[in-house]
Amino acid sequence: QVQLVESGGGLVQPGGSLRLSCAASGMFFSTYIMAWYRQAPGKQRELVAAITSGAITNYADSVKGRFTISRDNAKKMVYLQMNNLKPEDTAVYYCTRVASDYGPTGYWGQGTQVTVSS
């Protein structure tokens, strides 16, 4: 049974930082590309960042230079370090396993809320 549990969200002022964590279980973790998606109110869920088993990364233009995705295969963990947060980063952030084109494969965590506001 595949399980993904996100944590680390919260309320932060613009310019602040948060570190999101995702704990995975029930899968051969090191085989898969992992990613963070987010969904803001009234908007579609969008890809934020992805990381391959070989640590190749890909970022949405809106977060490039501010966010960093990483993984620990031994611990089956995925992280998203978010710096210089902006109000438009406000969303529910989800951890997921993705296909080779970074599209989701149907496995989602419960999400963690990130709110950026002064």
Side-chain angles (χ1 to χ4, degrees):
Q1 185 73 33
V2 175
Q3 290 185 300
L4 299 164
V5 180
E6 300 96 337
S7 62
L11 175 64
V12 64
Q13 294 183 350
S17 298
L18 286 172
R19 183 176 177 84
L20 306 184
S21 298
C22 171
S25 63
M27 70 175 79
F28 192 12
F29 180 82
S30 62
T31 299
Y32 300 105
I33 303 172
M34 300 297 295
W36 288 92
Y37 273 70
R38 68 185 181 187
Q39 187 166 27
K43 296 184 177 180
Q44 293 187 347
R45 195 169 295 184
E46 64 175 352
L47 178 68
V48 177
I51 183 167
T52 71
S53 61
I56 298 172
T57 58
N58 188 46
Y59 298 93
D61 288 341
S62 59
V63 307
K64 190 172 297 183
R66 300 187 296 120
F67 291 11
T68 303
I69 187 172
S70 60
R71 67 192 295 164
D72 185 332
N73 289 336
K75 296 182 180 295
K76 295 186 176 182
M77 296 287 292
V78 188
Y79 307 98
L80 186 68
Q81 178 66 46
M82 305 185 295
N83 297 326
N84 192 23
L85 283 160
K86 303 176 180 179
E88 53 262 43
D89 295 319
T90 296
V92 178
Y93 284 71
Y94 298 91
C95 173
T96 188
R97 192 174 80 192
V98 297
S100 59
D101 64 351
Y102 305 126
T105 57
Y107 300 100
W108 301 94
Q110 83 287 349
T112 185
Q113 176 71 48
V114 172
T115 302
V116 185
S117 177
S118 60

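Each residue takes its place number in the sequence, starting with 1.
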**Report entry** Same cluster (ILVMFWY, side-chain, under 4.5 Å), Ile33 and Phe67
**Finding:** no

Query raised in the report: How long is the gap from OG1 on Thr105 to CE on Met27, to the nearest 0.5 Å?
Result: 7.5 Å

Query raised in the report: Do you reckon Val98 sits in the same ILVMFWY cluster as Ile69, going by side-chain contacts under 4.5 Å, direct or chained?
Result: no

**Report entry** Joint cluster assignment, Leu18 & Val48, ILVMFWY side-chain distance < 4.5 Å
**Finding:** yes

Query - Nearest-0.5 Å distance, OH of residue Tyr94 to CG of residue Leu4 - result: 12.5 Å

Report summary line: Residues pairing under disulfide bond (SG atoms under 2.5 Å apart) where one sits in residues 28-76, two or more places apart or in two chains, turn out to be none

Query raised in the report: Roughly how far apart are Asn83 CG and Thr68 OG1, rounded to 0.5 Å?
Result: 6.5 Å

Query raised in the report: Taking only residues at least two apart or on different chains, which pairs with a member in residues 46-92 satisfy disulfide bond (SG atoms under 2.5 Å apart)?
Result: none

Requested in this report: Before accepting this row, confirm whether a basic side-chain N of the pair Lys64/Asp61 lies closer than 4.0 Å to the acidic partner's carboxylate O.
Outcome: yes

Query raised in the report: Judged by atom type as modelled, is there a donor-acceptor pair below 3.5 Å linking the side chain of Thr90 to the main-chain atoms of Val116?
Result: yes

**Report entry** Pairs where residues 59-101 contributes a residue and the test disulfide bond (SG atoms under 2.5 Å apart) is met, not counting sequence neighbours
**Finding:** Cys22-Cys95

Query raised in the report: Would you say Glu6's side chain and Gln110's backbone share a donor-acceptor pair under 3.5 angstrom?
Result: yes

Query - Residues in side-chain hydrogen bond (donor to acceptor under 3.5 Å, both in side chains) contact with Gln113, at least two apart in sequence or another chain - result: Thr115

Query - Approximate separation, where rounding is to 0.5 Å, of Ser21 OG and Met77 CE - result: 4.5 Å

Which pairs would a plain distance check flag for residues 49-56, meaning a side-chain donor or acceptor within less than 3.5 Å of a matching protein atom at least two apart in sequence or in another chain?
| residue | atom | partner | partner atom | Å |
| --- | --- | --- | --- | --- |
| Thr52 | OG1 | Gly54 | N | 3.2 |
| Thr52 | OG1 | Ala55 | N | 3.4 |
| Thr52 | OG1 | Ile56 | N | 3.1 |

Query - Full working for side-chain contact (heavy atoms from CB on, under 4.5 Å) between Arg66 and Asp89 - result: CA-CA 11 Å; Arg66 300 187 296 120; Asp89 295 319; 2.7 Å; yes

Query - Residues, nucleotides or ligands: over 12 heavy atoms within 6.0 Å of Tyr107 OH - result: no

Query raised in the report: About how many Å separate OG of Ser118 and CG of Leu11, when rounded to the nearest 0.5 Å?
Result: 10.0 Å

Requested in this report: Identify, with sequence neighbours excluded, every residue that meets salt bridge (charged side-chain N to carboxylate O under 4.0 Å, His left out) alongside Asp101.
Outcome: none

Query raised in the report: Roughly how far apart are Ser62 OG and Leu47 CG, rounded to 0.5 Å?
Result: 9.5 Å

Report task. Verify the neighbour count for atom CD of Gln44: are there more than 12 heavy atoms of other residues, nucleotides or ligands below 6.0 Å? Result -> no

**Report entry** Joint cluster assignment, Leu80 & Tyr32, ILVMFWY side-chain distance < 4.5 Å
**Finding:** yes

Requested in this report: Look at the side chain of Gln39 and the backbone N and O of Ala91, then say whether any donor-acceptor pair between them is shorter than 3.5 Å.
Outcome: no

Query - Path from Tyr59 to Met82 over hydrophobic side-chain contacts below 4.5 Å - result: yes

**Report entry** Parallel, tilted or perpendicular: rings of Tyr37 and Trp108 (30°, 60°)
**Finding:** perpendicular

